Engineer: 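Quick one: this structure, given as structure tokens, is what I'll be asking you about.
These numbers were taken from a predicted model, which means no experiment stands behind them.
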Amino acid sequence: MKDVDSLTNALMGACLAALRRDRTAASRGMFTVTVLASEIPDLDLLPGLLNSQAQLVYHRAYSHSWAGLALAAGLLTLVTGVLEPHLPRKKVLAWAVLAMLVHVAFDSLTTYGTGLLMPFSQRMLALDVFFGVDIPLLILLGTGCSLYFWRGERRVVRAAVMLALLYTAGRWGVHWRLTDAARAQLPGTAFSVLPGPALRWTVVAAKGESYAVGVIDPLSGKIKFQTTYPKNLKHPLVAGISQNPVVASYLQAARYPWAQIAREPDGWRIKLSDLRLWPLDGFNAVVYLDESGKVRNIKIGPQK
């Protein structure tokens with residue numbers, strides 16, 4: 001369920017650091033600090049290497065919260081003070097905080113969002129502007145950094161950053177306009193306008209006991225629903241596994257969860273999906289049950 005990826009965040013940090021005015025030894029040290037700071041929030045991916053449930057619990061959570069950022073920036077400043085005592089600590093702290101805030105700001109523009117308000121609120125801040133690895137954003141930042149290292153001209157980086165900000169603002173504007181258009185067509189209905197691959201935008205609307213899912217034209221704002229999915233988490237088999245720690249973590253992370261239930265020779269197969277990723281069959285939790293409904297195995301990730 002990753003969105004703006006770690007490479008994009010690293011490029012953001014590199015572009016930010018390249019905007020400094022000089023290229024002295026101290027400036028090179030600050031460059032390293034800024035790039036490291038831009039990646040530190042994503043250290044919460046490391047627990048996911050041990051098991052998928054850890055990724056569901058920790059990714060974009062406390063390391064992306066205001067408290068986590070303050071702690072990380074302080075620790076980075078202290079460590080830098082020991083390893084690079086010639087670097088001014090106030091500048092190290094300022095650039096570390098700025099790089100981390102830029103990271104979290106762009107992560108908050110995704111469909112997955114961040115736990116910026118933790119521990120006061122467990123609600124993920126997700127503004128639904130970007131979907132997945134945004135290729136235009138990646139190209140803009142990558143081109144700016146590449147030309148900076150090749151030719152050493154900050155104006156190239158400034159242009160790349162400005163274009164990236166304009167592109168982001170443009171996508172935000174499109175989302176705002178499409179949300180207004182969807183609200184006019186779906187009065188009194190809970191819905192989300194979500195970015196899809198490329199220039200595609202989708203709509204998920206809660207209608208009675210089902211979710212209606214379709215596309216919304218980015219120019220006219222007209223919605224065309226294509227399919228429906230049942231709100232079937234109260235199905236006995238699904239309800240029976242909802243207290244399983246892995247399943248509970250998945251359901252808490254999902255915004256529009258639904259279950260696909262299939263009979264198998266030796267039991268049941270329940271595939272949990274999040275409709276905010278529609279039409280892609282992206283991040284799933286597949287639970288295998290025996291005849292008595294007991295969990296035999298759980299797989300998390302892209303599953304058919």
Engineer: Okay, side chain of Arg171, backbone of Val129: is any donor-acceptor separation there less than 3.5 Å?
Structural biologist: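 Between the backbone of Val129 and the side chain of Arg171 there is a qualifying donor-acceptor contact (under 3.5 Å).
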Engineer: With sequence neighbours excluded, what pairs up with Ser63 under the side chain to side chain contact (heavy atoms under 4.5 Å, CB included) test?
Structural biologist: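 In terms of side chain to side chain contact (heavy atoms under 4.5 Å, CB included), with neighbours along the sequence ignored, Ser63 is linked to Asp44.
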Engineer: With a 4.5 Å heavy-atom cut-off, do Leu36 and Thr34 have their side chains touching?
Structural biologist: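 Result no, sub-4.5 Å side-chain heavy-atom pair not found.
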Engineer: Do Phe106 and Tyr167 have ring centroids that are under 6.0 Å from one another?
Structural biologist: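 So the answer is no for these two rings.
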Engineer: Are Leu166 and Val174 linked, directly or through other ILVMFWY residues, by side chains that come within less than 4.5 angstrom of each other?
Structural biologist: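 Hydrophobic grouping puts Leu166 apart from Val174.
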Engineer: Going from CG on Leu117 to NE2 on His64, what distance comes out if it is rounded to the nearest 0.5 angstrom?
Structural biologist: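 Rounded to the nearest 0.5 Å, the CG-NE2 separation comes out at 14.0 Å.
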Engineer: Report yes if some heavy atom in the side chain of Val203 is under 4.5 Å from a heavy atom in the side chain of Val213; otherwise report no.
Structural biologist: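 Side-chain contact under 4.5 Å: no.
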Engineer: To check you understand the geometry: which heavy-atom pair defines the closest contact between Ala259 and Val238, and what is its length?
Structural biologist: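 The answer is CB-CG2, 3.7 Å.
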Engineer: Does a side-chain heavy-atom distance below 4.5 Å link Val287 with Val247?
Structural biologist: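 They are in side-chain contact.
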Engineer: Is a side-chain donor-acceptor pair under 3.5 Å present for Tyr256 with Ser192?
Structural biologist: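 The criterion, which ignores hydrogens and geometry beyond distance, is satisfied for Tyr256 and Ser192.
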Engineer: Are the side chains of Thr32 and Glu84 in touch, meaning some heavy atoms are under 4.5 Å apart?
Structural biologist: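 No, their side chains stay 4.5 Å or more apart.
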Engineer: Group every Ile, Leu, Val, Met, Phe, Trp and Tyr by side-chain heavy-atom contacts under 4.5 Å, then state whether Leu141 and Leu163 land in the same group.
Structural biologist: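 Same cluster: Leu141 reaches Leu163 through Ile, Leu, Val, Met, Phe, Trp or Tyr contacts under 4.5 Å.
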Engineer: Within a strict 4.5 Å, meaning less than it, do heavy atoms of the Lys91 and Met30 side chains meet?
Structural biologist: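 Counting from C-beta outward, Lys91 and Met30 do come under 4.5 Å.
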Engineer: Any sub-3.5 Å donor-acceptor pair from Thr110's side-chain atoms to Asp107's backbone N or O?
Structural biologist: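 Yes, Thr110 side chain to Asp107 backbone: donor-acceptor pair under 3.5 Å.
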Engineer: How long is the span from the CD1 atom in Ile216 to the NE2 atom in His175, to the nearest 0.5 Å?
Structural biologist: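 Atom-to-atom, Ile216:CD1 and His175:NE2 are 9.5 Å apart.
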Engineer: Indicate the atoms forming the closest heavy-atom contact of Pro257 with Tyr211, along with that distance.
Structural biologist: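 It is O-CE1, 3.7 Å.
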Engineer: Between Phe31 and Ala17, which heavy-atom pair has the shortest distance, and what is it?
Structural biologist: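 The answer is CD1-CB, 3.4 Å.
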Engineer: Nearest 0.5 angstrom please: Leu87 CG to Leu93 CG, how far?
Structural biologist: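 Here the rounded value is 13.0 Å.
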Engineer: Salt-bridged, Glu291 to Arg296, with N to O below 4.0 Å?
Structural biologist: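 No, Glu291 and Arg296 are not salt-bridged.
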Engineer: What do the steps show when you test Asp134 against Thr8 for side-chain contact (heavy atoms from CB on, under 4.5 Å), and what is the final call?
Structural biologist: CA-CA 9 Å; Asp134 193 87; Thr8 304; over 6 Å; no
Engineer: Do Trp95 and Met100 have side-chain heavy atoms sitting under 4.5 Å apart?
Structural biologist: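 No, their side chains stay 4.5 Å or more apart.
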Engineer: Please answer whether the main-chain N or O of Ala10 pairs with a side-chain N or O of Glu39 as donor and acceptor at a distance below 3.5 Å.
Structural biologist: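 Yes; at least one donor-acceptor contact below 3.5 Å.
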Engineer: When you measure from the side chain of Arg255 to the backbone N and O of Thr111, does any donor-acceptor pair fall under 3.5 Å?
Structural biologist: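 Here the side-chain-to-backbone pair exists.
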Engineer: Please check if any side-chain donor atom of Asn9 sits under 3.5 Å from a side-chain acceptor atom of Ser38, or the reverse.
Structural biologist: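 Ser38 and Asn9 do not have a side-chain donor-acceptor pair below 3.5 Å.
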Engineer: Return the set of residues passing side chain to side chain contact (heavy atoms under 4.5 Å, CB included) with Lys294 (not counting sequence neighbours), or none when no residue passes.
Structural biologist: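 Result, side chain to side chain contact (heavy atoms under 4.5 Å, CB included) vs Lys294: Asp290, Ser292.
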Engineer: Heavy-atom count check: over 12 atoms from other residues, nucleotides or ligands less than 6.0 Å from Glu264 CD?
Structural biologist: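 Count over threshold, so yes.
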Engineer: How long is the straight-line distance from CG of Leu194 back to CH2 of Trp201, given to the nearest 0.5 Å?
Structural biologist: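 Interatomic distance, Trp201 CH2 to Leu194 CG, rounded to 0.5 Å: 9.0 Å.
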Engineer: Between Leu101 and Leu11, is there shared hydrophobic-cluster membership here, with clusters defined by ILVMFWY side-chain heavy atoms closer than 4.5 Å?
Structural biologist: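 Per the 4.5 Å side-chain linkage, Leu101 and Leu11 are co-clustered.
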Engineer: Is there side-chain contact between Arg154 and Leu19, with heavy atoms separated by less than 4.5 Å?
Structural biologist: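 Not in contact.
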Engineer: Could you check whether any side-chain heavy atom of Leu272 comes within less than 4.5 Å of a side-chain heavy atom of Val286, counting everything from C-beta outward?
Structural biologist: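 Result no, sub-4.5 Å side-chain heavy-atom pair not found.
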Engineer: Can you tell me if CG on Leu199 sees more than 12 non-hydrogen neighbours from other groups inside 6.0 Å?
Structural biologist: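 Incorrect, the count does not exceed 12.
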Engineer: How are the rings of Tyr229 and Trp258 set relative to one another: parallel (under 30°), tilted (30 to 60°) or perpendicular (over 60°)?
Structural biologist: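 The rings of Tyr229 and Trp258 sit tilted, inter-plane angle from 30° to 60°.
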Engineer: For Phe120 and Trp66, I'd like to know if the aromatic rings sit close, meaning centre-to-centre distance below 6.0 Å.
Structural biologist: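 When the ring centroids of Phe120 and Trp66 are compared, they turn out to be within the sub-6.0 Å range.
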Engineer: Is there a salt bridge (charged side-chain N to carboxylate O under 4.0 Å, His left out) between Arg177 and Asp180 once you walk through the steps?
Structural biologist: CA-CA 5 Å; Arg177 179 172 56 83; Asp180 282 344; over 6 Å; no
Engineer: Carefully, step by step, assess Trp172 and Leu109 under the rule side-chain contact (heavy atoms from CB on, under 4.5 Å).
Structural biologist: CA-CA 9 Å; Trp172 196 333; Leu109 292 172; 3.9 Å; yes
Engineer: What's the shortest heavy-atom distance between Ala248 and Ser242, and which atoms?
Structural biologist: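 Closest approach of Ala248 to Ser242: CB-O, 3.5 Å.
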Engineer: Can you name the nearest heavy-atom pair linking Ala181 to Gly221, along with the distance?
Structural biologist: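 Scanning both residues, the minimum pair turns out to be CB-O, 3.7 Å.
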Engineer: So which atom in Asn284 and which in Ser273 form the shortest heavy-atom distance, rounded to 0.1 Å?
Structural biologist: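 That would be ND2-OG, 2.9 Å.
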Engineer: Going through the checks in order, is the side-chain contact (heavy atoms from CB on, under 4.5 Å) test met by Val156 and Tyr148?
Structural biologist: CA-CA 6 Å; Val156 177; Tyr148 171 75; 5.7 Å; no
Engineer: Rounded to the nearest 0.5 Å, how far does SG of Cys15 lie from CZ of Arg158?
Structural biologist: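 Output value for this atom pair is 12.5 Å.
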Engineer: Is there a donor in the side chain of Ser108 and an acceptor in the side chain of Thr114, or the other way round, less than 3.5 Å apart?
Structural biologist: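 Looking only at side-chain atoms, Thr114 and Ser108 do form a donor-acceptor pair, the distance falling under 3.5 Å.
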Engineer: With rounding to the nearest 0.5 angstrom, report the CG to CD1 distance, Leu289 to Ile270.
Structural biologist: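 It is 4.5 Å, given to the nearest 0.5 Å.
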Engineer: Do Ile223 and Phe131 share a hydrophobic cluster, counting only Ile, Leu, Val, Met, Phe, Trp and Tyr and linking them when any side-chain heavy atoms are less than 4.5 Å apart?
Structural biologist: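 As far as the 4.5 Å side-chain criterion goes, Phe131 and Ile223 are not connected within one cluster.
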Engineer: Whether Arg200 and Asp217 form a salt bridge (side-chain N of Lys/Arg under 4.0 Å from carboxylate O of Asp/Glu) is what I want to check.
Structural biologist: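 Here Asp217 does not pair with Arg200 in a salt bridge, since their nearest N and O are not under 4.0 Å apart.
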Engineer: Are Phe130 and Leu7 connected in a single hydrophobic cluster, I mean Ile/Leu/Val/Met/Phe/Trp/Tyr linked by side-chain heavy atoms less than 4.5 Å apart?
Structural biologist: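 They do share one cluster, since a chain of ILVMFWY contacts under 4.5 Å joins Leu7 to Phe130.
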Engineer: Report the C-alpha separation of Leu186 and Lys207 in whole Å, then their side-chain angles, then the decisive distance to 0.1 Å, and conclude whether the side-chain contact (heavy atoms from CB on, under 4.5 Å) test is met.
Structural biologist: CA-CA 10 Å; Leu186 302 169; Lys207 293 187 174 182; 4.1 Å; yes
